[in-house]
Every structure is written in C-alpha cells, then in structure tokens.
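Here's the structure, in structure tokens; my notes come after.
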Amino acid sequence: MELCLRANARLIFQMRSLQNEIEQRGMRIFELVDQHPEPLFSKAGFHQRMMALSMRDERLKVQLFRFVDVLPSLDTSAEVIEHLQEYLADTRNGLAPFIHAGIRLARIAPWASARALRWNVSGMAHQFIAGKNPRELMKTLRKRRTQKIGFTVDLLGEAVVSEIEADQYTARCLGLLETLARETRGWSDPLGKNSELFPVVNLSVKISALYSQINPAAPADAIAHLASKLRPILRRARELGAFVNFDMESYDHKNITLELFKTMFTEPEFKEWPNAGIVIQAYLRDVETDLRELLDWGQARGTRFTVRLVKGAYWDYETMKSRQNGWDCPVFFQKPESDANFETLTRLLLENEPIVTAAFGSHNVRSIAYAQVLADELGIDRSRFEFQLLYGMAGSVKRALVELGYRVREYCPVGELLPGMAYLVRRLLENTSNEGFLRAKFAENVSEKELLRDPEELIKKNGATRSVVSMQDRLRENDASLDTASGDTYENSPLVNFVYKDSQDKMQSALREVRKRFGEKYPLVIGGEKVWTDQLTPSVNPSAPDEIVGYGSEAGIPEAERAVKAAREAFGKWSRMPFEERARLLERAADIMERRRYELSAVEVFEAGKPWKEAAARRRICGCTVEFSDSDPLWHGLSRTRNGQHRDHETFRAIGNLRCHADAGLRRSGCTTRRFELSVRPRLRHRRASCRP
C-alpha cells in the first residue's frame, strides 16, 4: 500500500513538473509570437480581420462559406449576384443593414460587383494556396527559404471521377517532382544537422486522386490499382533524392491508405528506401491502434520512415456522414479529447524515435510545447524531428519556432481555385472553428495560461468521455422536434459500413454461402403451402450471364386464382387481429431481416448485379419499411402530438411505405407517391377518429 502511494505521488509530481515545463516553453513561444504580429495593412491581416468579423455569427459564417464554395462554378455576373442574395439576404444580425445595402448596390452594377467578389475570394484563396502553377509556387518557396522554412508540396484536387483524371494527376506529380528537383538544386537543409532525414524536395500525394474506383469494400482491388500508379512516382522520387508522403483523407480511405503504405514499402524495390511517410489523424478514436500496428510493421521492416501527426481536417464531414448513415462516429466529439490523443500519440512516436521520424502538424502552441518538452525529457535532439504548419496560417508561430532553433516545414498546396475549393473551405472552417486554437488566440484573445492547460483537465471539466456516444442519443439531442412527443420518432436502421474488415468478411462469407445454392429450384408459396409447377423460370446473374442463381416455379392462372383466394381469407383474420399482435409480427419480420442482412444483401448482389453498398442499402429499405414505427408507439398503438391530436401508425406506415418506394426510385415518381398519399389519408381518417379515447 505504501509503495503504491509513493508511486502515485511520484507520478503526480512528474505530471506537474511536465506541465510546468510545457507552460514555460509555451510562454516563450507566445512571447515570440507577440513580437511578430501580422502587419495591420497586409493581405493576411486584412483577411484575418474579415474572418474574425464573420465568426461573430455562426449562421452568417456558414452562408458565407456556402457562397465561397459555389462562386468558382458561376459563369455570369447575374448568377453571382443571384447567389449572393440567396445566401445573405436574410441576415438578421448587426451587420444586416450593411449586407443588405451591399446587395442592393451589387444589383445596380452586377458586372463590377461580381468582379470585385471574385477578386476578394481569389485573394482569400491565395492566402492558403501557395501558387496556381509551379512558377508561382517557386516564388513562394524561395521566399520561405530566406525565412529558413522548408516545404512539402500538395497538388490540389481530390477524389477523381475517371481514370483520365487519375492519369493526369500522376503526370502532374511526376512533372512537379522534376520541377522541384531542378529549381532547388543547391538548396540545403536549414539546420544542417541530421539533414539526411529531411530531404529538401518533399511531395505529398493524395491517394483518392490516383484511382477513380476506390471502394472501401474492395481494398485489395484498390491497392492493386493504386500501387501501379504509385510505383513510377516513387521510383522517380528515389532517383531525385526526394521525399514522398501519403496524405490521409476521409475515414473511408484510412484503412486502404495504411495498407497501401505497408504494401508499397514492403516490396523489395522500396523496402530499404527511408524517404517515405504517412499521415496519422489524432481525432480518430481508433488511431492509436493503427499507429501501434504501423510501428510494429516498421520495426519488422527495419528501415526508418516518417509519420506526420495531425489533428485531422474532416471533422464536419465525418460527423455528418456518420449521423446520416446511423454509424458510430469515428472522431472524438470534443476538441480536448483530440488534443489529449495528440499528446498520447506524440509520446508513442518519440519513444519509438530509432525507427520513426516524427513530424508534428499542429498550430496549437500547447501541442507544440508538449512535443518539445517530451523530446528533451527523452534525450532526443531537436534536429531529429520537425514541425509542419499550413501555408497561410500561423505565420508568427512558424517564425517563433525557427527562432528557437527547430526545423519547420510548410504544407504548400498548388493549383487552380476550382479544384482547390474543398481545401479552401476546410481551411476556412479550421480558422473559424469555435474550438480552434487560432481563433482563441488571435480573435478572442484567450489568455496564454488557458491555452496551455492540460487537455485532460478540460475533458474532466466538460464531462467529456472517450466512450462512443450512441447515434440515437445524438439524434435526440440535435434533432428533437417540438412537434414530436417523446418516443414518437422513427429511426432508420444503420447502413452496413464496409470500411471495417469485419463487415467485409461477413459479406464475403454470405456470398460464398449463397453461391453454394446456385441452381437450386424454388416453389411458389400459397397460403403457407409450397406449390411446385412444371414451368421453371431461371434467375440469371446480370453481371455474369452464364451464372444461374436459381429456378423459380412459374405461376399460371390456377395458381394466381388460388393465391387471390388465400389472400382474401387471410385478410379477414388479419383485420380482426389486435394491433399489438400485428405490431409484434412486423417487428419479428424486421428482426429476421436484420439478422440475415448479409445473406439478403448477397442474394441481391447475385440477383440484381448490385454492388455491395447498393445491395445492403436495398435490404435496409425493405427492413425499414416493415419496421416503420418505433417500438413504443407500436405497443401503445397511438401517440399524442403537441396539439393533442392522435396518430394512427398504420396510416403513417402506409404513407411511409409509398415514400420509401419513391425515394428508392421504384415504379413511380415522387409526385405520384404524393397523389397516393393524399388518397390514402381520407380513407384512413375514420380509423383515427374511431381510435380517439
């Protein structure tokens, strides 16, 4: 017991000592930051003030970003002004008079106003984009070289939709490598010491831009195609002495990117080449496991590699997509959780320094100071790791780090505005995030002491936990309607997420089992009785016409008449059955479909030639149609709305069935469905009346 208390006391002392060191190091960085503020009348200073103005109203910020996102695709001045009015005309904050006056002036001279708007958005974009082409890029890089700041170049554009675009991206990567190698000949590392770990030419590659058919459900296929595109880039980079980094994008591509990295650099051709790296995103819940597996792989490989540790830039996308599909969200919901995980991963990287070179990608001074203090504690020379920050952001933090003698590399995107719009919007969101460090420091003037607090303390203070919050709870919190009584909501069953290997394995197993039954014969079922006929209809796999999935018995007039008679007899019994029993049967049917979801999806793959994702979605539609209402309203039969009226859930189930078919694009249009709905309501109105207490 005494030994335990001593160990705990020693741990607490070490943590306090570490925190004191972090605060001292952070305060020194802040002192240097305050000595180099952005000039008041500089372009960067102007755009910072404009963004600070938009931050005051969250809705105005969203509308502005929507307008920025769509602007490059607008062809005429009239379209620009029309969209400006559409997005901003209903502003109701203190800026409303100025915005409304600006819109009226813009309508008077649309051609001049549109040109001014494009010029301003273009200027804002170029704050975050290092150049439209290699010539502009090199001008930026030469300037950064005088400031002792290195670079990694990223070609704007992601998620190509054709192999022509993918081939163009590959060619651009190769061309950019040639240009960078030629233009930087004679350049040296700013620190000089351990420069072999940090080649001057550094290229970041987006995996989604190399292959148009990346499918999380088919990782082996994606890796095979991506490897063929990457080999020429890696070969040329090795010949030129350049470094290639694999960027990490959305969660859909995470596992494929990790597996691709391991596959490429286990090949004999690249196994002993050290100038390669990959990104790890700290805001992902499962990323510590990924990093540990990556380090184990690196240890077995025996050649050094680099990990760029970042917080992650797709938080909004990941949370909305998970919510839409009913999935557990892969990212932490609170920023202190991501910050704390960043520090956990920082320690893991520095403790494995003999096999991995760490590149810390953060603008957060607390995160930067933590890495500095921990490296000193572990005896790691500051020349053996680096800090990477984004072009156009936190310029004063970069200057402070250079002055302190650390290696700094800038992430420099290059390309046109339209393909770079997704990148621009992510940067704007990051700059203006309610929880962002840059906003807290430079716009809200939060104290340095507060900014350097241990994120674990903030997690405890805010009651945050690392447990996964259920989708149902989040929907209740965020989407509860004033018109909906408690428990009177319907929630779709979640889609199958084929990002996970477990889901892929289950689907593969179901496909094998269904394939074993190919060619079997199936009877009609009339009134619960199996009926065989002489005529059989083959079901052909449309994606492989030589495969017969099965043979179904073909009904004639006698079988049809028998079926109609059985249905009439069954309806009499069904209509007299209490609604509780009908609800129970529907729920049982839905449960069976859910339990056999992989089998039913596999049948859909073979019967209709659907991809896995579409087959699983079709199975989901059928299951949700059966189980349209929540269990609570089903068991109580009726529920009360805000106005005291009652709902007949069979009515809503019927209407929901029609809507479901319309959404799936089956047989009838949405307008037709609406006409059916209007015809169903009057017929069932008497049921609602008869059910009132």
Side-chain angles (χ1 to χ4, degrees), residues 154-155 157-163 165-167 169-170 173 203-234 244-267 269-271 276-298 301 305-310 312-315 317-318 321-322 325 327-331 422 426 495-508 511 611-614 616:
D154 164 56
L155 280 167
E158 48 199 89
V160 295
V161 296
S162 72
E163 285 309 282
E165 288 186 356
D167 291 340
Y169 180 84
T170 304
C173 286
L203 178 69
S204 291
V205 177
K206 281 188 168 58
I207 301 306
S208 67
L210 287 167
Y211 180 43
S212 64
Q213 303 299 312
I214 295 178
N215 183 357
D221 173 80
I223 289 170
H225 283 84
L226 288 164
S228 66
K229 298 288 182 66
L230 276 166
R231 287 190 190 99
I233 297 174
L234 298 179
V244 175
N245 195 80
F246 286 25
D247 265 348
M248 193 66 73
E249 302 172 79
S250 66
Y251 192 75
D252 281 353
H253 295 150
K254 184 202 70 163
N255 291 338
I256 288 176
T257 304
L258 285 166
E259 195 58 36
L260 175 68
F261 183 80
K262 296 174 188 176
T263 300
M264 294 301 303
F265 296 104
T266 306
E267 292 182 356
E269 186 176 2
F270 304 111
K271 186 176 181 180
I278 190 169
V279 173
I280 289 292
Q281 298 165 313
Y283 69 177
L284 295 178
R285 296 175 181 276
D286 58 0
V287 75
E288 184 176 347
T289 301
D290 292 333
L291 182 55
R292 289 186 182 278
E293 291 176 354
L294 190 63
L295 291 169
D296 289 342
W297 166 84
R301 176 179 177 241
F305 69 103
T306 297
V307 168
R308 178 198 295 162
L309 179 62
V310 302
Y314 296 81
W315 189 91
Y317 171 79
E318 300 294 1
K321 184 176 181 180
S322 300
N325 292 310
W327 297 334
D328 286 326
C329 193
V331 300
R426 287 200 298 272
L495 285 167
V496 176
N497 191 350
F498 288 112
V499 168
Y500 301 109
K501 190 175 186 304
D502 179 61
S503 298
Q504 297 169 19
D505 291 344
K506 287 179 179 177
M507 189 64 181
Q508 289 282 13
L511 289 166
W612 290 9
K613 183 178 178 182
E614 299 302 324

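Atom set for the values below is all heavy atoms of this structure, side chains included, hydrogens, waters and symmetry mates excluded.
- The shortest heavy-atom contact between Pro216 and Gln504 is O-NE2, 2.8 Å.
- Separation of atoms CG (Leu203) and CG (Leu155) is listed at 6.5 Å; rounding is to 0.5 Å.
- Of the possible donor and acceptor atoms, one in the side chain of Glu249 sits under 3.5 Å from a partner among the backbone N and O of Ser208.
- Within 6.0 Å of NZ on Lys613 lie no more than 12 heavy atoms contributed by other residues, nucleotides or ligands.
- Rounding to the nearest 0.5 Å gives a distance of 7.5 Å between SG of Cys329 and CH2 of Trp315.
- In this structure, the separation between CD on Gln508 and CH2 on Trp612 is 3.5 Å, given to the nearest 0.5 Å.
- Counting heavy atoms from C-beta outward, Lys321 and Ser250 have side chains that stay 4.5 Å or more apart.
- Salt bridge Arg231/Glu267: present, at least one basic N to carboxylate O contact under 4.0 Å.
- At a threshold of 4.5 Å between non-hydrogen side-chain atoms, the residues Met507 and Val496 do not count as touching.
- Looking at heavy atoms from C-beta onward, Phe265 lies in side-chain contact with Leu234 at the 4.5 angstrom threshold.
- Checking each of Val307, Leu309, Val310 against Val279 for a side chain to side chain contact (heavy atoms under 4.5 Å, CB included) leaves exactly one that passes, namely Val310.
- Across all non-hydrogen atoms, the minimal contact from Ser503 to Phe498 is O-CE2, 3.9 Å.
- From Asp328, atom CG reaches atom CZ of Arg285 across 8.5 Å, with rounding to the nearest 0.5 Å.
- Ring-plane geometry between Phe305 and Phe261 is classed as tilted, the angle between the planes lying from 30 to 60 degrees on a 0 to 90 degree scale.
- Scanning all heavy atoms of the two residues, the minimum distance from Leu210 to Ala166 falls at O-CB, 3.4 Å.
- Here the straight-line distance linking atom CG of Asp290 with atom CG of Leu258 works out to 5.0 Å at 0.5 Å rounding.
- Glu163 contributes a side-chain N or O that, together with a main-chain N or O of Ser212, makes up a donor-acceptor pair within less than 3.5 Å.
- Here Trp327 and Tyr500 keep their ring centres 6.0 angstrom or further from each other.
- Residues Ile278 and Met248 form a side-chain contact, since some pair of their non-hydrogen atoms from C-beta on lies under 4.5 Å apart.
- Looking at heavy atoms from C-beta onward, Ile223 lies out of side-chain contact with Met264 at the 4.5 angstrom threshold.
- The closest side-chain donor-acceptor pair between Tyr314 and Asp252, if any, does not fall under 3.5 angstrom.
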Q.
Evaluate Tyr211 against Asp221 for side chain to side chain donor-acceptor pair (under 3.5 Å), listing each step before the verdict.
A. CA-CA 11 Å; Tyr211 180 43; Asp221 173 80; 3.2 Å; yes
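- With hydrogens and angles ignored, the 3.5 Å screen pairs a side-chain donor or acceptor of Arg301 with a backbone N or O of Lys271.
- Between Arg292 and Asp296 no salt bridge is recorded (no basic side-chain N to carboxylate O distance below 4.0 Å).
- By the 4.5 Å heavy-atom criterion applied to side chains, Lys501 and Asn255 are not counted as neighbours.
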Q | Steps toward side-chain contact (heavy atoms from CB on, under 4.5 Å) verdict (Trp297, Thr266) | A | CA-CA 9 Å; Trp297 166 84; Thr266 306; 3.0 Å; yes
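- Taking CG of Leu260 as the start and NE2 of His225 as the end, the distance is 13.0 Å to the nearest 0.5 Å.
- With contacts defined as side-chain heavy-atom distances shorter than 4.5 Å, the pair Ile207/His253 does not qualify.
- Side-chain contact between Lys229 and Tyr169 is absent, with no heavy-atom pair separated by less than 4.5 Å.
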Q.
Pair Leu226, Ile256 - check side-chain contact (heavy atoms from CB on, under 4.5 Å), show working.
A. CA-CA 10 Å; Leu226 288 164; Ile256 288 176; 4.1 Å; yes
